[in-house]
Amino acid sequence: MNVPLFELKTQYAKIRDEVRKAVDEVLESQYFIGGPAVEGLEKAVAGYQGVRCGVGVSSGTDALISSLMALGIYRSPLDSNPPDEVIVPAYTFFATAGCVWRVGARPVFADIDPVTFNIDASKIEEKITERTKAIIPVHLFGQCAEMEKVMEIANKHGLKVIEDCAQSIGASRMGRKSGSFGDCGALSFFPTKNLGGLGDGGMVISNSEHVAGEVRRIRNHGMNPKYYHKSVGGNFRLDAIQAAALSVKLKYLDSWRDLRERNAKFYNDAFKDSDIVTPKIIDGNESVYNQYVIRVRNRDKVLADLRSVGVNCEIYYPVALHEQECFAPLGYSKGDFPEAEKAAAESLALPIYPELSEEQLEYVASRVLEVAAKA
Ligand SMILES: *Cc1c(COP(=O)(O)O)cnc(C)c1O
C-alpha cells in the first residue's frame, strides 16, 4: 500500500460541481481582482473566526507582511535607527520569521513548549527590549498557543500581537477562535492548509476596523484615495477565482476538521502502549489537526524506513530557525533554544488528511509501530 502524506483529489471529486460553478461565475463576470467574490469570502471567514473584519490577501506570507506593515513595523531605507524587534518562536515554518526580516525588523527568537510545539510564554518576557514592537505567536499544527499568557505580556509592555493562524483556521482556545486575541491574525489558503484554495491565498482577520482598513490600504500599494500613498505597501491582493472556490470549501471545513480529529484519535489509540510520543492537546484548546506530529527516537531512520514501505511522512521542520543560514547574522548558536532543536530532531508528521480510509489508517499505524520499535 502507498499512503500519501496529503491528497486532494478525493476531496475535489466530492465538490467538483460546486467549485466549477463558483469559478465559472467569476469567469463569466470577468471580475478578477476584488469584487463580490472576495468581499463575500471576507465576510464569511470573519464570521467563521468570530471577528469583525477579514481582508483577503495573496498568501499567508503576505498576510504576515501586510499585518506588520499595517501595524507600523516597516523600516524606511532612510531610517538610521536600530531596527525594530519582533519576538517569534524558534520553531515554526520559515515565513513567520522571514516576514519580520523582510520588513526590515529583527526576528528575536524564543524557545517553544515541548508539549505543544508553540512559543513558550514563560520565555517571552526575557526577550523584550526597548526596541521590541510585537510578538508573533504561531498556532502550530492546528493548536492554539497560550494566548491569554501572550496577551498579558503584550498588554503589560505595550506590544502588538500578530497571530500566525496559517495552520489554525477554526482552532479555538477557551472558546475563542485563533486570530481573535491579538491585533490581527494571518490565515493561509495554501492548498495543504485546512482551508486550501486553487493556488496561493490568505487573509488578515481582525476585530479592529482600523487595523483592517490599514491592511486594505497596504494590500493595494498603500494607496488611499486612488494614487495617493500615505505609506509604501505592495500588491498583496486576493484573486476572485480563489475567493469563489474558498467560499465553497468553507462550508465543508468543520466536517473535514471532524475527520482529521477522528484520524488523530485513531493514531493516539494505536500508539498508546508504545514509546511513540503522540501530540497532546492542552486544556482549553480545540485543535484543527493541520498536522499530526509524533516524536520518535532515530527519527531519520524511522522516516526512511516508513517511506520505503509506502508510508509518506514529512519533517516539520528539520532546522530550527536560529540555525538557518540566512539568520546567521543574528548571531545565534546551536544550543540557544534546546526545545526547538529537540523538536527539529525528533518530530515526524504522519498523514492526517480527512479522506484517509480506515484501511490506510490501520496500515500507517501498524507500519509506524513496527518501524519505530526497531529503530
Ligand atoms: C503555510 C504557513 C505560512 C505561509 O503561508 P503561505 O500561504 O504559504 O504563504 C506562514 N506560517 C505558517 C506557520 C505556515 O504554516
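In what follows, residues are counted from 1 in the order of the sequence shown. First listed ligand is number 1; within each ligand, the first listed atom is number 1.
The closest heavy-atom contact to atom 11 (N) of ligand 1, among the options D200, D164, T61, comes from D164.
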List the steps and the verdict of salt bridge (charged side-chain N to carboxylate O under 4.0 Å, His left out) for E261 and R257. CA-CA 6 Å; E261 184 174 52; R257 187 217 85 98; 2.8 Å; yes

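Membership of the apolar cluster around V115 extends to I282, as traced through chained side-chain contacts below 4.5 Å between ILVMFWY residues.
Given atom 15 (O) of ligand 1, the protein heavy atom at minimum distance is Q167 NE2, 2.8 Å. Atom 14 (C) of ligand 1 has its closest protein heavy atom at K193 NZ, 3.1 Å.
Both the backbone and the side chain of S59 come within 4.0 Å of ligand 1, counting heavy atoms alone.
Residue F93 approaches ligand 1 through these ligand atoms, each under 4.0 Å from one of its heavy atoms: 2 (C), 3 (C), 10 (C), 12 (C), 13 (C), 14 (C), 15 (O).
Ring-plane geometry between F93 and Y317 is classed as tilted, the angle between the planes lying from 30 to 60 degrees on a 0 to 90 degree scale. Between F141 and F117, the ring planes lie perpendicular to each other; the angle is over 60°, past the 30° to 60° tilted range.
Side-chain contact between L198 and V23 is present, with heavy atoms from C-beta onward closer than 4.5 Å.
Looking at residues two or more places apart in sequence or on another chain, you find a salt bridge (Lys or Arg N to Asp or Glu O under 4.0 Å) between E146 and K149.
Under a 4.0 angstrom heavy-atom cut-off, H139 registers as lying outside contact with ligand 1.
For ligand 1, the polar-atom distance check finds no N/O of V138 at less than 3.5 Å from any of the ligand's N/O atoms.
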